[in-house]
Amino acid sequence: MNILMMTNTYKPQLGGLEQSISRFVKEFRSQGHQVRVLVPGGKENHSKDKEVLRVRSFLLFDGKALTVSFPGPDSVSLSRGLEEFNPDIVHAHQPFLIGESALRLSRAKGIPLVFTFHTIYNEFTSYAFGNHWFNTRFLTRLETAYANLSDCVFAPSKGIKETLERFGVMTPVEVIPTGIDPAELGGSGDLREELGIPKNFFLVGFTGRLDREKNIVFLSRTIAGFLSETSCSGFLVVGSGELMGWMRRYVKRQGLAGRVFFAGSRKGEEMGKAYRSMDVFAFASRTETQGLVLGEAMACEVPVVALSGAGTDDMIRQEENGLLLKRQDPKEFIAALCRISKLIPLEKIRMKRKCRETAEGLSISKTAGQALAAYSKLITMKLRRPGRLAGWPQSQQ
């Protein structure tokens with residue numbers, strides 16, 4: 001099978017979307033399929049990775065939380081290597097910019113179009129742009145229209161599938177989360193010695209962008225409250241972003257600078273070491289479509305305390321692999337962290353085992369297999385009319 005991924009952003013940018021695409025690409029290739037990733041940026045070339053097609057673009061949009069290149073209107077046809085690749089599937093990862101090119105290519109060649117709903121843009125942009133003209137109503141309509149022009153939509157979680165149905169998406173939606181690859185995280189070691197974190201500290205951890213859409217202000221204030229109420233405890237922060245400076249100043253004002261440890265951005269086995277340093281993973285974002293870091297934490301046997309959201313509810317089994325909080329209440333969050341810190345040894349062992357089981361159920365080989373099965377259905381069906389495949393059964397997930 002020849003699979004063409006089309007995305008506005010890709011490596012070396014580091015984020016959940018880029019990680020998701022990269023993991024699927026790697027697994028598809030390992031199973032013998034041919035994959036090309038078409039992404040705008042710089043001069044048209046094959047880059048160091050000959051299987052990444054970078055097409056000429058003419059506008060760089062550089063926001064606080066989003067950086068993409070805008071492909072020219074003829075960029076797809078200009079991309080060397082695309083015609084000879086002859087894709088069986090076009091898979092778009094955003095509804096705008098390169099997503100428009102994906103739609104044109106699908107229609108021109110009669111190739112099925114798959115769209116993954118990675119981001120709840122109407123919520124995301126309220127953080128990134130405030131009262132910008134990219135308002136909630138416009139973005140909801142944009143996402144819904146694009147999904148309905150696609151032949152299949154991949155939702156990273158059941159909560160997102162329900163959201164799409166509320167938006168009015170009529171195209172079949174398959175729940176296919178991004179998989180976890182434990183091999184990427186390594187199998188031993190942590191960061192405590194490197195960062196000078198006492199071995200007896202109960203360590204709360206967070207990994208991700210330190211930006212507003214991750215609810216960093218609430219998380220910081222809540223963790224500060226937890227550290228003030230407990231002794232022999234600390235907070236490990238892995239990542240960077242616009243709020244890093246504010247966060248450093250805040251913990252210093254609270255007199256907690258010696259108990260908050262900033263590890264910067266990490267990847268691969270270094271991320272595994274970060275997770276294995278933690279006793280609990282704290283997550284306050286409510287704009288996630290899946291919450292990939294939750295699965296990674298659980299792969300390293302770290303239980304999670306998180307706020308309820310469309311992308312987090314699927315991941316947490318209450319009282320088994322963590323605690324899910326329905327309300328954004330600092331006292332409730334602190335109480336949940338305290339509860340994890342006071343688990344007896346047998347309870348800790350049981351929770352670690354449940355975390356591992358959750359991560360195993362999200363293995364990349366399993367989720368990639370689900371995606372490939374969906375691709376195969378689309379390829380073997382004839383298009384009755386543009387934008388809709390006949391006979392596609394509604395997902396029972």
Let's go through Val25 and Tyr10 carefully: what are the C-alpha distance in whole Å and the side-chain angles of both, what is the deciding distance for side chain to side chain contact (heavy atoms under 4.5 Å, CB included) to 0.1 Å, and is it a yes or a no? CA-CA 12 Å; Val25 167; Tyr10 195 53; 4.3 Å; yes
Run the side chain to side chain donor-acceptor pair (under 3.5 Å) check on Arg259 and Ser233 step by step: do they pass? CA-CA 7 Å; Arg259 294 168 64 185; Ser233 59; 2.7 Å; yes
Looking only at heavy atoms, what is the nearest atom pair of [X] and [Y], with distance?
{"X": "Gln290", "Y": "Pro177", "value": "NE2-CB, 3.6 Å"}
{"X": "Leu227", "Y": "Val260", "value": "CD1-CG2, 4.0 Å"}
{"X": "Met315", "Y": "Asn321", "value": "O-ND2, 3.1 Å"}
{"X": "Glu143", "Y": "Phe115", "value": "O-CE2, 4.4 Å"}
{"X": "Ala155", "Y": "Leu164", "value": "CB-CD1, 4.3 Å"}
{"X": "Asp151", "Y": "Pro112", "value": "OD2-CA, 3.3 Å"}

Taking [X] first and then [Y], would you say they form a salt bridge - that is, a charged N and a carboxylate O separated by under 4.0 Å?
{"X": "Arg353", "Y": "Glu360", "value": "no"}
{"X": "Glu51", "Y": "Arg36", "value": "yes"}
{"X": "Glu193", "Y": "Lys199", "value": "no"}
{"X": "Arg276", "Y": "Glu301", "value": "no"}
{"X": "Lys354", "Y": "Glu357", "value": "yes"}

Any side-chain heavy atom of [X] sitting closer than 4.5 Å to one from [Y]?
{"X": "Ile3", "Y": "Leu372", "result": "yes"}
{"X": "Leu324", "Y": "Glu319", "result": "no"}
{"X": "Leu323", "Y": "Leu337", "result": "no"}
{"X": "Met5", "Y": "Val35", "result": "yes"}
{"X": "Val204", "Y": "Asp279", "result": "no"}
{"X": "Thr7", "Y": "Leu17", "result": "yes"}
{"X": "Tyr146", "Y": "Val169", "result": "no"}
{"X": "Phe281", "Y": "Leu294", "result": "yes"}

Could you tell me the separation between the [atom1] atom of [X] and the [atom2] atom of [Y], rounded to the nearest 0.5 Å?
{"X": "Met6", "Y": "Glu100", "atom1": "CE", "atom2": "CD", "result": "10.5 Å"}
{"X": "Cys152", "Y": "Leu113", "atom1": "SG", "atom2": "CG", "result": "10.0 Å"}
{"X": "Ser20", "Y": "His93", "atom1": "OG", "atom2": "NE2", "result": "7.0 Å"}
{"X": "Glu296", "Y": "Leu362", "atom1": "CD", "atom2": "CG", "result": "11.0 Å"}
{"X": "Arg350", "Y": "Ile344", "atom1": "CZ", "atom2": "CD1", "result": "9.5 Å"}
{"X": "Ile89", "Y": "Tyr375", "atom1": "CD1", "atom2": "OH", "result": "7.0 Å"}

His91 and Phe154: ring pair (Phe, Tyr, Trp, His ring centres under 6.0 Å), yes or no, with the steps? CA-CA 10 Å; His91 190 152; Phe154 287 0; 5.3 Å; yes
Does [X] use its side chain to pair, donor to acceptor, with the backbone of [Y] at less than 3.5 Å?
{"X": "Glu27", "Y": "Ala368", "answer": "no"}
{"X": "Asp88", "Y": "Met1", "answer": "no"}
{"X": "Ser341", "Y": "Cys338", "answer": "yes"}
{"X": "Thr171", "Y": "Ala147", "answer": "yes"}
{"X": "Ser106", "Y": "Ala102", "answer": "no"}
{"X": "Asn2", "Y": "Phe85", "answer": "yes"}
{"X": "Arg266", "Y": "Gly239", "answer": "no"}
{"X": "Thr289", "Y": "Gly311", "answer": "no"}
{"X": "Thr312", "Y": "Leu307", "answer": "yes"}

Could you check whether [Y] and [X], counting side-chain N and O atoms only, form a donor-acceptor pair closer than 3.5 Å?
{"X": "Ser240", "Y": "Arg209", "answer": "no"}
{"X": "Arg141", "Y": "Thr144", "answer": "no"}
{"X": "Ser285", "Y": "Asn215", "answer": "no"}

Group every Ile, Leu, Val, Met, Phe, Trp and Tyr by side-chain heavy-atom contacts under 4.5 Å, then state whether [X] and [Y] land in the same group.
{"X": "Met278", "Y": "Ile216", "result": "yes"}
{"X": "Ile160", "Y": "Leu292", "result": "no"}
{"X": "Leu256", "Y": "Leu195", "result": "yes"}
{"X": "Phe24", "Y": "Ile180", "result": "no"}
{"X": "Met247", "Y": "Phe283", "result": "yes"}

Start with the C-alpha distance between Leu38 and Ile98, add both sets of side-chain angles, then the distance that settles side chain to side chain contact (heavy atoms under 4.5 Å, CB included), and finish with yes or no. CA-CA 9 Å; Leu38 192 147; Ile98 200 70; 3.6 Å; yes
Salt bridge (charged side-chain N to carboxylate O under 4.0 Å, His left out) for Glu184 and Arg23? Distances and angles first, verdict last. CA-CA 10 Å; Glu184 290 183 4; Arg23 285 181 185 175; 3.2 Å; yes
Go through Glu270 and Lys273 one step at a time and tell me if the salt bridge (charged side-chain N to carboxylate O under 4.0 Å, His left out) criterion holds. CA-CA 5 Å; Glu270 288 297 302; Lys273 289 181 179 180; 3.5 Å; yes
Tell me whether Arg327 at atom CZ has more than 12 heavy atoms from other residues, nucleotides or ligands lying less than 6.0 Å away. no
I'd like to know whether Phe202 forms a side chain to side chain contact (heavy atoms under 4.5 Å, CB included) with Phe226, so could you lay out the CA-CA distance, the side-chain angles of the two residues, the decisive distance to 0.1 Å, and finally the verdict. CA-CA 11 Å; Phe202 177 83; Phe226 172 76; 3.9 Å; yes
Any chance you could lay out the side chain to side chain contact (heavy atoms under 4.5 Å, CB included) test for Tyr250 and Val217, step after step, and finish with the verdict? CA-CA 10 Å; Tyr250 176 75; Val217 172; over 6 Å; no
So is Arg192 actually on top of Phe201's ring, under 6.0 Å and inside 45° of the axis? no
